[in-house]
2 protein chains.
Amino acid sequence: MINKIPQAAVPRLSLYYRVLVESRGKDYVSSDELSKLTNFTAAQVRRDLTYFGQFGTPGKGYEVEALKKAILSILGTDKNWDVVLAGVGNLGTALLSYKGFEKQGFKIICAFDNDLRRVGKTLEGIKIQDISELGNTVKERNISIGIVATPGEGAQEVINILIKSGVKAILNFAPIRPQVPPSVGLLNIDLSIELERLAYFLTKSKS
Amino acid sequence: MINKIPQAAVPRLSLYYRVLVESRGKDYVSSDELSKLTNFTAAQVRRDLTYFGQFGTPGKGYEVEALKKAILSILGTDKNWDVVLAGVGNLGTALLSYKGFEKQGFKIICAFDNDLRRVGKTLEGIKIQDISELGNTVKERNISIGIVATPGEGAQEVINILIKSGVKAILNFAPIRPQVPPSVGLLNIDLSIELERLAYFLTKSKS
DNA sequence: AAATGTTAGTTAAATGTTTCACAAATACTA
DNA sequence: TAGTATTTGTGAAACATTTAACTAACATTT
């Protein structure tokens, strides 16, 4: 392919989709309107969309429903994805309870923990299993997305099990940078690092 | 300034600090070793560090303790930061309970919610206050960092209050892209968007 | 049907970031 | 002390992304 798609364009697509959902009632929307709704420039909106195809009509704009469908299909959110959760502490529980995921086709279908006080309990309709069953369950149920919300210690081990069992994409909240083979997608969300970025911003803007 | 610092260098600095902490016992560490520990290239390690100053000794490397202190000072994590939390649902509770923040100098000192069932309760030693008191409390206590963990509706309003009351940096978990003046630092963590990025990765790698 | 205005798609320039390669500085060894 | 091995810091090149300017297509108005 000649046109490489910038990494950063993908989350922007998600945002275009959101504002399209909110602009129910309109038949067409222009890059200029999308620009105002997302705070990206109109040029970037057009550029981003053409990375993935041609969706618009000159003089008119983009057909809302068609563009919505197209973005869903590009992102893969027109399918349903089964998700496994490893680590059901405070954060894990919060993720399990978050209603937003299911709307977008992501369903946490099983959850694991190594704390025996939690194992066996049911949260949001999901029975927490012992971490020792992680590998087999993931294999049996053929799950391809994993969320890791364990402490840093042991996170790499959990991730190794996930990968060995066929998981192809991981959202990692543990404060480590796990090793994964290139075939596996990895996104790290590291709360401490984000706060440190803010602290840097504050320190810098004072000087 | 001639050398503008790439945005992306800042979170890398956080990671250098982490591996330095873990390499206790060593007096000196080379860019090559830091490279292996962080999976960034050695050239990037050196480049990143020189954005902020000259910390190394040719032929020897970087003195661990000195570099640790320098990074702390650059990031601003050598100071203590008071943090306000808006929204004490599942995610907010998880953040309130997360022990990692305090170690890095971030302390959530007050929390607010608009749900009367939560207001008045005490979590992790912090009494949840009514959202109507948010502005005054932030002003009185002179807080400069805010974490927003409310639903999307109302998040912009909460953020407006934070900014009006003197908050200068915001970590936003609500699924919106808030408007903030350029003088205010903003980082968005949007869980749905992260999952959609993974879905895109999976969709793409199958084709 | 012609003229005008709007808007997507494309090409080129500008900006920002990372990588490469090497000189200069220091440490080590004999 | 001279010579060799390390390792930093950095100019320049390579790469990636965003912004801006332009072109062509379509819609609307008269």
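Throughout, a chain's letter reflects where its sequence line sits, starting with A, and its residues are numbered from 1.
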[X] has a side chain; which of [options] sits nearest to it?
{"X": "B:T41", "options": "D:dT19, D:dT17, C:dT19", "result": "C:dT19"}
{"X": "B:P58", "options": "C:dT26, D:dG9, C:dG9", "result": "C:dT26"}
{"X": "A:R46", "options": "D:dT8, C:dA8, D:dT10", "result": "C:dA8"}
{"X": "A:Q54", "options": "C:dG9, D:dT18, C:dT17", "result": "C:dG9"}
{"X": "B:P6", "options": "C:dG9, D:dG9, C:dT18", "result": "C:dT18"}
{"X": "B:Y51", "options": "C:dT18, D:dT18, D:dT10", "result": "C:dT18"}

Any [X] side-chain heavy atom under 4.5 Å of [Y] side chain:
{"X": "A:E124", "Y": "A:K99", "value": "yes"}
{"X": "A:S14", "Y": "A:L75", "value": "yes"}
{"X": "A:V84", "Y": "A:L162", "value": "yes"}

Complementary nucleotide for D:dT7 - Watson-Crick or wobble, under 3.5 Å:
C:dA24
Given atom [atom1] of [X] and atom [atom2] of [N], what is their separation to the nearest angstrom?
{"X": "A:K60", "N": "C:dG9", "atom1": "NZ", "atom2": "C1'", "answer": "18 Å"}
{"X": "A:D48", "N": "C:dT10", "atom1": "CG", "atom2": "P", "answer": "14 Å"}
{"X": "B:I5", "N": "C:dG16", "atom1": "CD1", "atom2": "C1'", "answer": "14 Å"}
{"X": "B:R12", "N": "C:dG16", "atom1": "CZ", "atom2": "C1'", "answer": "12 Å"}
{"X": "A:L67", "N": "C:dT7", "atom1": "CG", "atom2": "P", "answer": "15 Å"}
{"X": "B:K4", "N": "D:dT18", "atom1": "NZ", "atom2": "C1'", "answer": "13 Å"}
{"X": "B:L49", "N": "C:dT17", "atom1": "CG", "atom2": "P", "answer": "17 Å"}

Within the side chain of A:Q104, is there an N or O that forms a donor-acceptor pair under 3.5 Å with the backbone of A:G100?
yes
5'-most contact on DNA chain D: B:R47 or B:G59, nearest heavy atom basis?
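By nearest-heavy-atom nucleotide position, the 5'-most residue is B:G59.
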Comparing A:T57 with A:A43, nearest DNA chain D nucleotide closer to 5' gives the residue A:A43
Between atom CG of A:L95 and atom CD1 of A:I108, what is the distance when rounded to the nearest 0.5 Å?
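Rounded to the nearest 0.5 Å, the CG-CD1 separation comes to 6.0 Å.
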Sugar-phosphate, base or nothing in reach of [X], heavy atoms under 4.0 Å:
{"X": "A:A9", "answer": "nothing"}
{"X": "B:A42", "answer": "nothing"}
{"X": "A:G56", "answer": "sugar-phosphate"}

Quick one: closest heavy-atom pair of A:T137 and A:C110, and the distance?
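Taking A:T137 first and A:C110 second, the nearest heavy atoms are CG2-SG, 4.1 Å.
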Closest non-hydrogen atom pair, B:A111 against B:L96
CB-CD2, 4.5 Å
Distance check: side-chain N/O of A:Y62 vs OP1/OP2 of C:dG9, anything under 4.0 Å?
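Answer is yes, contact under 4.0 Å.
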Side-chain N or O of B:Q44 less than 4.0 angstrom from OP1 or OP2 on C:dT19?
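Yes, B:Q44 has a side-chain N/O under 4.0 Å of OP1/OP2 on C:dT19.
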Determine, stepwise, if the pair A:R18 / B:D190 fulfils salt bridge (Lys or Arg N to Asp or Glu O under 4.0 Å).
CA-CA 12 Å; A:R18 274 214 197 129; B:D190 196 311; 2.8 Å; yes
Please list, by residue number, the residues of residues 16-35 of chain B whose heavy atoms come closer than 4.0 Å to an atom of DNA chain C; answer none if no residue qualifies.
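Going residue by residue through residues 16-35 of chain B, none turns out to have a heavy atom under 4.0 Å of DNA chain C.
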